[in-house]
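Residue numbers begin at 1 in each chain, while the letters A, B, ... track the order of the sequences.
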Amino acid sequence: MPELPEVEVTRLSFASRIEGARILSVRLGKALRWPLGCAPSRLVNRGVLGVRRRGKYLLIDLDQGLLLLHLGMSGSLSFAKDLPAPGRHDHFEMVTTQGTLRLNDPRRFGAVVYADAQDAGAARTLLGRLGVEPLTQDFDVDRFHAGLKRRKAAIKQVLLAGDVVVGVGNIYASEALFLAGIRPTVIAARLSRPRVARLHAAIRDILGRALASGGTTLRNFASASGEKGHFQFETMVYAREGEPCRVCSKAIKSLRQGQRSTFYCPQCQKA
DNA sequence: AAAAGCCCCTGGATGC
DNA sequence: TGCATCCAGGGGCTTT
């Protein structure tokens with residue numbers, strides 16, 4: 001579920017509330033993607049300094065070490081003083097002096113991993129290959145163009161891979177390519193500089209607007225304060241196969257790329 | 001080095 | 001109603 005906008009919406013919904021808290025207890029449910037990496041009791045009494053985001057990872061900085069948290073495909077967080085009794089899909093819970101942080105993740109593709117120091121072990125491996133942050137100044141057309149130049153895979157799959165630019169998942173990749181008028185199957189390296197510039201602008205636009213809309217809630221997504229997103233009402237192509245394009249009325253098409261579905265308009269995205 | 005497949009897991013929708 | 005099949009917002013790992 002969660003792409004960059006959903007992860008950032010989640011971060012914003014609890015970062016300031018948990019900052020300065022002290023951890024009172026940690027409880028684990030069923031196994032997530034990776035083990036926590038330390039005994040839960042080791043986290044007790046640590047202080048929470050703040051919450052950052054890198055790509056689709058949330059980084060909870062502690063006064064000693066940090067927690068890396070990923071929502072996977074179906075994860076969502078809750079943070080509140082009084083939460084209902086844990087359900088069957090609540091697999092991580094951290095009680096703090098300022099509220100309880102809980103991860104609900106039915107598919108368990110998500111993860112919570114403890115790392116000793118910022119550039120140690122897990123953090124380095126998981127974050128090391130990530131591309132540039134699309135909503136920062138570091139994401140500029142020159143750099144993006146250079147990154148795409150050496151990739152001979154389809155542009156949609158290069159966007160999803162996250163090693164050129166992070167945070168663009170299956171929904172926003174289709175949406176950004178539509179906005180830029182680019183066919184998802186085009187080889188990344190073949191995109192002309194003006195088209196790369198359009199895609200660059202489209203990615204920033206789509207992620208920015210989705211963020212402002214509280215993200216996309218297809219099924220379960222909600223921020224840590226329980227707010228659902230509403231960007232699903234603004235999608236141009238995603239999950240609209242057979243429906244008329246909102247620009248030209250041609251039927252939206254879909255195809256499979258790397259076991260993921262892609263949606264596009266055959267008229268607005270001719271090449 | 002980069003591309004393509006595989007797989008982790010559960011649940012909801014659809015079809016017979 | 002019951003059961004099988006397919007699909008889902010991610011991404012690390014292994015194989016080409």
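Evaluation of atom-type donor-acceptor distances gives no pair under 3.5 Å for the side chain of R150(A) against the base of dA2(B). Residue-to-nucleotide contacts include a donor-acceptor pair under 3.5 Å from the side chain of R107(A) to the base of dC9(B).
In this structure, Q157(A) atom CD and dG11(C) atom P are separated by 15 Å, rounded to whole Å. Residue L32(A) contributes atom CG, which lies 15 Å from atom C1' of dG12(C) at whole-angstrom precision. Rounding to whole angstrom units, CD1 of residue I206(A) and P of dG9(C) are separated by 16 Å. Atom P of nucleotide dG11(C) and atom CG of N170(A) are separated by 11 Å, given to the nearest angstrom. R219(A) has its CZ atom 13 Å from the P atom of dG10(C), to the nearest Å. For R108(A) and dG11(C), the CZ to P distance is 18 Å, given to the nearest whole Å. In this structure, the CZ atom of R129(A) is 15 Å from the P atom of dA3(B), given to the nearest Å. Distance L71(A) CG to dC8(B) P: 22 Å, rounded to the nearest Å.
Of all non-hydrogen atoms in L62(A) and L67(A), the two that sit nearest each other are CD1-CG, 4.2 Å.
In the set dC8(B), dA8(C), dA3(B), the nucleotide with an atom closest to the side chain of Y238(A) is dA8(C). Here dA3(B) is the nucleotide among dA3(B), dG9(C), dC6(B) with the atom lying nearest to any side-chain atom of A153(A). Of the candidate nucleotides dC13(C), dA4(B), dG10(C), dG10(C) has the atom lying nearest to any side-chain atom of P2(A). Which of dC7(C), dT10(B), dA2(B) sits closest to the side chain of R151(A) comes down to dA2(B). The listed nucleotides are dG5(B), dA8(C), dG10(C); the one nearest the side chain of R33(A) is dG10(C).
In this model, a donor atom of one side chain and an acceptor atom of the other lie less than 3.5 Å apart for N170(A) and K156(A).
The phosphate of dG9(C) (OP1 or OP2) has a side-chain N or O of S261(A) nearer than 4.0 angstrom. A sub-4.0 Å separation between OP1 or OP2 of dG11(B) and a side-chain N or O of H89(A) is present. Dashed line: the shortest gap from a side-chain N or O of K152(A) to OP1 or OP2 of dA3(B) is not under 4.0 Å. Phosphate contact (OP1/OP2 of dG9(C), side-chain N/O of K56(A), threshold under 4.0 Å): absent. Contact annotation: S74(A) side-chain N/O to dA8(C) OP1/OP2 distance is not under 4.0 Å. Look at R88(A) and you won't find any side-chain N or O under 4.0 angstrom from OP1 or OP2 of dT10(B).
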Kindly indicate, with the supporting measurements, whether the criterion ring-ring contact (aromatic ring centres under 6.0 Å, His included) is fulfilled by Y264(A) and F178(A).
CA-CA 6 Å; Y264(A) 69 99; F178(A) 173 83; over 10 Å; no
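Within a 6.0 Å radius of CZ in R129(A), no more than 12 heavy atoms belonging to other residues, nucleotides or ligands are found.
In this structure dC9(B) sits in no base pair that meets the Watson-Crick or G-U test at under 3.5 Å. In a base pair of the Watson-Crick type (N1 to N3 plus N6-O4 or O6-N4) or a G-U wobble (N1-O2 and O6-N3), with each distance short of 3.5 Å, dT14(B) is matched with dA4(C).
Residue-level contact check: Y57(A) touches the backbone only, with heavy atoms under 4.0 Å from sugar-phosphate atoms and none from bases. The residue G258(A) sits apart from the nucleic acid: no heavy atom pair falls under 4.0 Å.
When the C1' atom is compared between dG9(C) and dA3(B), the two are found 23 Å apart, to the nearest whole Å.
The aromatic rings of Y238(A) and F263(A) sit perpendicular to each other, their planes meeting at more than 60°, with 30° as the lower class boundary.
E19(A) places no side-chain N or O within 3.5 Å of a backbone atom of G50(A) that could act as its donor or acceptor partner.
Each of L218(A) and W34(A) has a nearest nucleotide on DNA chain C; the 5'-most of these lies closest to L218(A).
The aromatic ring of F109(A) does not stack onto the base of dC9(B), failing the criterion of a centre distance under 5.5 Å from the six-membered base ring together with planes under 30° apart.
The pair E3(A)-K56(A) fails the salt-bridge criterion, with no side-chain N (NZ, NE, NH1 or NH2) lying under 4.0 Å from an Asp/Glu carboxylate O.
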